[in-house]
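What you see is a predicted model, and the numbers here were worked out from it, not measured in a lab. Naming convention: chains lettered A, B, ... in sequence-line order (proteins, then strands); numbering from 1 in each chain.
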Number of protein chains: 2
Amino acid sequence: MSTILDVCKLAGVSKATVSRVINGIGQVKQSTRENVFSAMKELGYRPNRLAQALATNKTHTIGLVVSDFDGIHFGLLLKQAAASAEFAKKQLIVTDGHNDPDYEYEVILQLEAQCDAVVLYSRTLTDEHIQRLHEQLTIPIVVLNRNMPEQCFHSVSFEQEAAVTILMDHLFEKGHQEIACITGHMDNPTGKARLNGYKNSLQAASIDFKNDLVKHGVYDMKSGYQACKELLNEGITFTAIVAFNDCMALGALKALTETGINVPEQVSITGIDNDPVSEFFTPRLTTVGLPITAMTKQAIELAITLCDETKPTHSYQYKGQLIERESVSSVYTAKN
Amino acid sequence: MSTILDVCKLAGVSKATVSRVINGIGQVKQSTRENVFSAMKELGYRPNRLAQALATNKTHTIGLVVSDFDGIHFGLLLKQAAASAEFAKKQLIVTDGHNDPDYEYEVILQLEAQCDAVVLYSRTLTDEHIQRLHEQLTIPIVVLNRNMPEQCFHSVSFEQEAAVTILMDHLFEKGHQEIACITGHMDNPTGKARLNGYKNSLQAASIDFKNDLVKHGVYDMKSGYQACKELLNEGITFTAIVAFNDCMALGALKALTETGINVPEQVSITGIDNDPVSEFFTPRLTTVGLPITAMTKQAIELAITLCDETKPTHSYQYKGQLIERESVSSVYTAKN
DNA sequence: ATCACCAATGTAACCGGTTACTTTTTTTTG
DNA sequence: CAAAAAAAAGTAACCGGTTACATTGGTGAT
């Protein structure tokens, strides 16, 4: 790999001049500029980003940290992040935290010198972790898809509790009263908020909360399948399932189908996310859309803005919307 | 962010000594070492990776470039890549090429200064692109999941043609003769190889190739759905579908189900990949497993090896294996 | 006490760029 | 045509580390 010195020699000028040509700033005679360009071309020269970053203290890079690469949103999330970053001519570095908070914490600290800002989509870090990071890091953080209790972060979040409320209300409207719940991880704010949505909806409808109707999953199809099997094995009656994401809802769908239970005739199912695959199952899944693409766009763009200017912290809140398909039926027609 | 100079001042030693302590090389008196450590701790110091990389010409980073973030393998691919990299204490930088060969090419060149080796999982780059990259780059490349015509690259690939052959043989065994084919992108070696598999299998079985039975998709569910709709609309008879990946097979399944055609009673469907979701559809999809996790592990480990030593180029070839589930039935029992 | 040797530490150049400041060259102006 | 102003180019310090080499100080052998 050729360096700026090779270009200097070939073009017969100093480093400063080459640098001026590269960056298009300062005064350079047209003929000199052309010489330098042709020298660069001849050598296949491209500036070393590391050296540039070190000299300017600007990396033109956004770090994106996710707790785990196999989350369901990651297709859309990464795609949009990459698109937004490219649009602003920033490099995007994506790293995962292996679902291990300590490792993830370490990864983010490591990223500090390599990025101008970080977007954090974390499931495993606690609020305290994030708080500590915020104090420790000299680069701005944008927290994505997580409701932070205090307003001291830049964040782009989703109204988790409302998402469940929307589903519950929809099911109530259809006459459902015995509604099972398949949660996600309960060790983080998202899971807790969604469960609150479930509980509060029941309370608002004056229906007793029954612990037996709640099973815990981990957001993948398999755990949804297993949770549903448990419900069935325990002989609990329910006419509908609220799963905390589409994957688990589809896993539950499989469990019911396998057992010979018709969805939605006998049991209705709902999810959250509007995962692209949900449309391809039969029946197509009724769900609450999580606008991950829009949220990601917002977060990356915010991070990019923060590279160049400081802004007062602001939280963007997104709301879910009910997407009605065929996995829910009225309980009145279902009784048979 | 504190620098090595801050540590020097606080510990009362020179940069060289601090550097020795950081890297654990050279002679340092125990008491000095302790002083330096406590100074580092007090300051929350962590070495700047960029500066280290610039000074040593070693980044301890592996670059992973994918054509597009929303490919179906990326969950497993990224997860394994991250795991293998962490295991070797290397940083992993993941970048996508937005499905644009020129952009992807540029991205890879940019990565040169930031990585010790690159793993390339590209759908859009041509063989010539890769050849040129190979000549131009000073860091080693490992090509993942792509059969390179010549042996001049490190590569980890999959026997694409054989994967289709396996499926065709399976269908022949079950008595199928009229087998439709839903391809992926035909502008790259993978698609071409798989189509060859289809054609050659037909020829080996003395069945005429019919162009009408072949529809082109783009590896996602929607295109599988549409391809299947076309087949149906054109009124072509077929008893089985070979799709070039699971997603499209599942899209086709949806199209058939919707039309009231029973799978596998009336039409059998097969895919390629063994995508985790395939097990959750009804019927569960019969497919050829693509061992993406093992392949990724191999590729990353190879790349890591190549950071430190040059090795003669070697191609690792992986074979698919038939995973029989319920989406294929015998044509004899199917006739009704 | 002298010398050799080795452990411990420091000095300074270097990695590949950027940039404030200085010097040289060219152009403008009276 | 000389002086002033503007343009063009160069010099050298700096970013935050590493490392070859030089220097210092202490130890044991003679």
K.L.:
Nearest whole angstrom, please: distance from the P of dG16(D) to the CE of M40(B).
P.N.:
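Answer to the nearest Å: 17 Å.
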K.L.:
What is the distance, to the nearest angstrom, from the CD atom on Q27(B) to the P atom on dG25(D)?
P.N.:
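That distance rounds to 18 Å.
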K.L.:
Have a look at Q52(A) and say if it touches a base, only the backbone sugar-phosphate, or nothing, with a 4.0 Å heavy-atom cut-off.
P.N.:
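Sugar-phosphate, backbone atoms only, no base.
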K.L.:
Specify the residue among A51(B) and G26(B) whose closest nucleotide of DNA chain C lies further upstream toward the 5′ end.
P.N.:
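Per heavy-atom nearest nucleotide, the more 5' residue is G26(B).
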K.L.:
Can E301(A) and K90(A) be counted as an ion pair, charged N to O under 4.0 angstrom?
P.N.:
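So E301(A) does not pair with K90(A) through a salt bridge.
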K.L.:
Over how many whole Å does the gap from L50(B) atom CG to dC14(D) atom C1' extend?
P.N.:
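Going from CG in L50(B) over to C1' in dC14(D) covers 15 Å.
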K.L.:
Within this structure, what is the NZ-to-C1' distance between K15(A) and dA13(D), rounded to whole angstrom?
P.N.:
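Going from NZ in K15(A) over to C1' in dA13(D) covers 10 Å.
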K.L.:
Counting side-chain heavy atoms from CB outward, which of dA20(C), dC15(D), dG17(D) is closest to R20(A)?
P.N.:
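Among the listed nucleotides, the one closest to the side chain of R20(A) is dA20(C).
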K.L.:
Please report the distance, rounded to the nearest Å, between CD1 in I25(B) and P in dT9(C).
P.N.:
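Distance check: I25(B) CD1 to dT9(C) P gives 15 Å.
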K.L.:
Would you call the rings of H134(B) and F153(B) parallel, tilted or perpendicular, taking 30° and 60° as the class edges?
P.N.:
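Because their plane-to-plane angle is over 60°, the rings of H134(B) and F153(B) count as perpendicular.
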K.L.:
So, under a plain 3.5 Å distance rule, would you say the side chain of R49(B) forms a donor-acceptor pair with the base of dG16(D)?
P.N.:
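Side chain to base: no pair below 3.5 Å.
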K.L.:
If you look at every strand shown and take non-hydrogen atoms under 4.0 Å, does V18(A) touch a base, only sugar-phosphate, or nothing?
P.N.:
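Contact class for V18(A): none.
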K.L.:
So, OP1 or OP2 of dG10(D): does either fall under 4.0 Å of a side-chain N or O from T17(A)?
P.N.:
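Answer is yes, contact under 4.0 Å.
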K.L.:
Could you tell me whether K79(B) and D68(A) make a salt bridge, using a distance below 4.0 angstrom between a side-chain N and a carboxylate O?
P.N.:
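Salt bridge present between K79(B) and D68(A).
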K.L.:
In whole Å, what is the span from the CG atom of N48(B) to the P atom of dG16(C)?
P.N.:
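Spelled out: CG on N48(B) to P on dG16(C) is 16 Å.
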K.L.:
For the pair R123(A) and D187(A), find out whether any cationic side-chain nitrogen is under 4.0 Å from an anionic carboxylate oxygen.
P.N.:
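Answer for the salt bridge query: no.
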K.L.:
Which part of the nucleic acid, if any, lies within reach of S19(B) when heavy atoms closer than 4.0 Å are counted: base, sugar-phosphate only, or nothing?
P.N.:
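Touches a base.
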K.L.:
What's the closest nucleotide to the V13(A) side chain, out of dA8(C), dG10(D), dG17(D)?
P.N.:
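Taking heavy atoms from C-beta onward, the closest nucleotide is dG10(D).
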K.L.:
Measure CD1/I4(A) against P/dG10(D) and give the value in whole Å, please.
P.N.:
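Those two atoms, CD1 and P, are 12 Å apart.
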K.L.:
Check this for me: does any side-chain nitrogen of one of K58(A) and D308(A) sit under 4.0 Å from a carboxylate oxygen of the other?
P.N.:
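D308(A) and K58(A): salt-bridged.
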K.L.:
Which part of the nucleic acid does T56(B) contact within heavy-atom distance under 4.0 Å: base, sugar-phosphate only, or nothing?
P.N.:
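Sugar-phosphate only.
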K.L.:
Hey, is the side chain of T32(B) poking within less than 4.0 Å of OP1 or OP2 on dT9(C), counting only N and O atoms?
P.N.:
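For dT9(C), OP1/OP2 do have a side-chain N/O of T32(B) under 4.0 Å.
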K.L.:
Output the rounded distance in Å from CG (N35(A)) to C1' (dA8(D)).
P.N.:
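About 14 Å, once rounded to whole Å.
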K.L.:
With heavy atoms under 4.0 Å as the rule, sort N57(B) into base, sugar-phosphate or nothing.
P.N.:
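Contact class for N57(B): none.
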